[in-house]
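Letters go in sequence order (proteins before strands), and every chain restarts at 1. Given the structure is predicted, the values throughout are model-derived calculations rather than measurements.
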Protein chains: 4
Amino acid sequence: MVSTNNHKGKEAITKQRKRQILNAARDVFSRKGFAEATTAEIAQTAGVSEGTIYNYFASKRDLLVSLIGGYALDESLLNLFKSPTINAIDSLPALLEDRIDIGFENSDLLTLLLAEIQRTPEFGEQYSGQVLNPGLALLKTYLDMRVKNGTLRPVDTEVASRAVVAMVVGLIAVHQIEGKDGFLANYPVKDLADEVANILSVGLGTKK
Amino acid sequence: MVSTNNHKGKEAITKQRKRQILNAARDVFSRKGFAEATTAEIAQTAGVSEGTIYNYFASKRDLLVSLIGGYALDESLLNLFKSPTINAIDSLPALLEDRIDIGFENSDLLTLLLAEIQRTPEFGEQYSGQVLNPGLALLKTYLDMRVKNGTLRPVDTEVASRAVVAMVVGLIAVHQIEGKDGFLANYPVKDLADEVANILSVGLGTKK
Amino acid sequence: MVSTNNHKGKEAITKQRKRQILNAARDVFSRKGFAEATTAEIAQTAGVSEGTIYNYFASKRDLLVSLIGGYALDESLLNLFKSPTINAIDSLPALLEDRIDIGFENSDLLTLLLAEIQRTPEFGEQYSGQVLNPGLALLKTYLDMRVKNGTLRPVDTEVASRAVVAMVVGLIAVHQIEGKDGFLANYPVKDLADEVANILSVGLGTKK
Amino acid sequence: MVSTNNHKGKEAITKQRKRQILNAARDVFSRKGFAEATTAEIAQTAGVSEGTIYNYFASKRDLLVSLIGGYALDESLLNLFKSPTINAIDSLPALLEDRIDIGFENSDLLTLLLAEIQRTPEFGEQYSGQVLNPGLALLKTYLDMRVKNGTLRPVDTEVASRAVVAMVVGLIAVHQIEGKDGFLANYPVKDLADEVANILSVGLGTKK
DNA sequence: TATGAATGAGGCTTCATTCAT
DNA sequence: GATGAATGAAGCCTCATTCAT
């Protein structure tokens, strides 16, 4: 029992230590980008020594891989596309508000992700498979249903679902370009979401 | 005359050499990102020696600055938002097709731009001022006109113009994530543009 | 206690390592001059790798600054002008012998110092303040006293003290120019000191 | 005749061009030191292009060699030790004033010389042979004469002549260390020369 | 002969990774 | 397991020298 507990305790500690380092890596990577992030700064941010990182991760690159493939992004950027419940979709303004909010908050991570996907296409496949596709699939299912019951025009839902996602991602990018003094950064997110939802939904609705 | 010609010739050669190096820099930066690009690779790509770069640019960073601020992007990514003529806007599908085409072709540059804007907010200001804002302004003028003459709902055109741009940028980003075997990369651009234009324009149109 | 000891041990090692590198820097700088000294040679001389230098000093220049401003020269060239005790002054031949000996041994450092003072006047101020002026002040105090009690002519002791120092420095310079086969390098230092002391002291003494 | 004149003209032009470049080299070397001087700056200072330098000198180092061995320094620093006439020596204050004046004005060159002699002992031999020794010899001859006719104590004139030179050189060095706001730089050269001459000459004189 | 663009060797510096404690 | 000093590969940049014009 004791040793079991110790084991569990050790595993828990190990897991917690990995998390601690990954969080630090996420912060530094998203601020500096992968290449300009230093293990020294990650260690300092995590409150551990540089050597300790290598007790938990094989390399700096392994940190990035764990970050993009792992649970660590789940709680921030990844939620951007993560399966909303069908119910959530039903309220497009609320859904958009939620996603825009998360996205603006984590636009650095989106940039990091785009940049690293570019250098390592596998990241794109991984991210597509784990995050983007499930989200798109759910969206598509929902749109298909509404097309079938006649509350939507018979659009190509494969495209339409991507258009919805693209709208959110694009707003994040424009927000990033405009900066903290730009228009989007200072427009109430709720109003933004309402306007955009309106544009999208009315556009997708059947004409009378 | 002779010396004048010589002068002109030298200036022309200098300009052409700068262009040659900037083109190489654009290639390598967009492929590797700024930090991971090496001056050695840029030189090799440009077909000059490493030292030669420094006869034309003060530093590697100066290459980036010249690239983002200069004419070098004008012919590719910058066109993404560069003032389309009012006439061009009139045909939303054609406009979107054009921009999506350019964007898919240069998605690496969009990523580069986003990443470097994040590290150097001045780049964002510069890009906003020189490229994004003029494009948005033109779009807004056009939308305002159509709102006034009743062919569009009275939307917030400040938001709506950004939504249109965001849609394009977002599609580029999603395309980038999905990769060359993804859905968007293999969907006919013309059809994509038609679909998206439909979503946007019908959504923006007055309900009967 | 243990951790305290460890701390002390680490600090001691750090200090010792800095010293080790500074000593190497002094050797190489004085042999090659600052600009022509390479960090590679300093590292090799110190018996560490090149990167290690930068764990202790911010830059090659910082090595020079630490060298000129720090304790590292105290034990060699700096003693040249460092406050001798009044007693020591009393025996001018002994004082001169001591200083000439030190100076001949470290003429490379004098040259280094002069050269770098020329490029960085702050070094001159620093060296004047920390080393030269205190030495001159002591010398002047002593000369003033002897003027007052009549064992010296009423010379301008501000000038006279500099003359004494200049004599030593000049001998070192001439020795440097003549080289190891030159006259001064092969003249017994004690005899040289006696002769020069005679020239100076009789010259400074009252005429009967 | 014509061709001869042309030849003479060409030679004259060549000589004049060499001189022009050497002067520039002297300026830059004495300001920056040999290693930190760049051929670019020398060319600019000389008002020629970088390539032109290599039409007259084999290398940057050759510039230094020509400078130290050649006529180019003759007109400034070299005069420091260059054979004064016996008559000139007769007035020690005047001689010292002259030399101190030249020396203070050209202390950068003295520093340059010392530094480069250190790296290239041949320079020291060359300088000793061409400049220092002749000067010392003349001084010694003069001192010997005065010893013989009883107006000087029977000092070792080999040492005494070096002491006189050392005094001048040392004053220059101290002046260099103290900088332009230091004591020596702001003391009237004539008074300084008088004081020092007094110290030296009375010291060298026979006691009554 | 004058030019100055091109070259490339070599220097300083950074930083991911290792390893002895 | 934690530490952080040591390492050395690799990158950016400088600058003496060459050479085609």
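D/Ala58 comes within 4.0 angstrom of nothing in the nucleic acid, heavy atoms only. Counting any heavy atom pair closer than 4.0 Å across all strands shown, A/Ala35 reaches no nucleic acid atom. Residue contacts for C/Thr38: at a heavy-atom cut-off of 4.0 Å it reaches the sugar-phosphate backbone alone, with no base atom in range. Looking at heavy-atom distances under 4.0 Å, D/Ala43 makes no contact with the nucleic acid at all. Using a 4.0 Å heavy-atom criterion, one finds that C/Phe57 contacts no nucleic acid atom at all.
The A/Glu50 side chain lies nearest to E/dA16 when the options are E/dA16, F/dG1, E/dG4. Checked against F/dT7, F/dC12, E/dT17, the side chain of A/Ser59 finds its nearest nucleotide in E/dT17. Looking at the side chain of C/Asn55, the nearest of the listed nucleotides E/dA5, F/dA6, F/dT17 is F/dA6.
For C/Tyr56 and B/Arg61, each mapped to the nucleotide of DNA chain F holding its nearest heavy atom, the one lying further toward the 5' end belongs to C/Tyr56. Looking at which nucleotide of DNA chain F each of B/Lys60 and C/Gly51 is closest to, the 5′-most match is held by C/Gly51.
Atom NZ of A/Lys32 and atom P of E/dC15 are 9 Å apart (whole Å). The distance from atom CD of A/Glu41 to atom C1' of F/dG4 is 18 Å, rounded to the nearest whole Å. Between B/Gln44 atom CD and E/dA6 atom C1' the separation is 17 Å, expressed in whole Å. Separating the CD1 atom of D/Ile21 from the P atom of E/dT1 is a distance of 12 Å, rounded to the nearest angstrom.
Phosphate contact (OP1/OP2 of E/dT3, side-chain N/O of D/Ser49, threshold under 4.0 Å): present. Of the side-chain N and O atoms in C/Thr39, none sit less than 4.0 angstrom from OP1 or OP2 of E/dG11. Note on A/Arg17: a side-chain N or O is less than 4.0 Å away from OP1 or OP2 of F/dA2. Between D/Tyr54 and E/dT1 there is no side-chain N or O to OP1 or OP2 distance below 4.0 Å. Neither OP1 nor OP2 of F/dA5 sits under 4.0 Å from any side-chain N or O of C/Thr52.
Contact detail for A/Lys60 and A/Ala35: the closest heavy-atom pair is NZ-O, 3.4 Å.
Taking 4.5 Å as the limit, every side-chain heavy atom of C/Leu22 sits out of range of all side-chain heavy atoms of C/Tyr56.
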Given pairs defined as Watson-Crick or G-U wobble with both distances under 3.5 Å, what dot-bracket annotation applies to DNA chain F, with ( ) intrastrand, [ ] crossing, | other strand and . unpaired? .||||||||||||||||||||
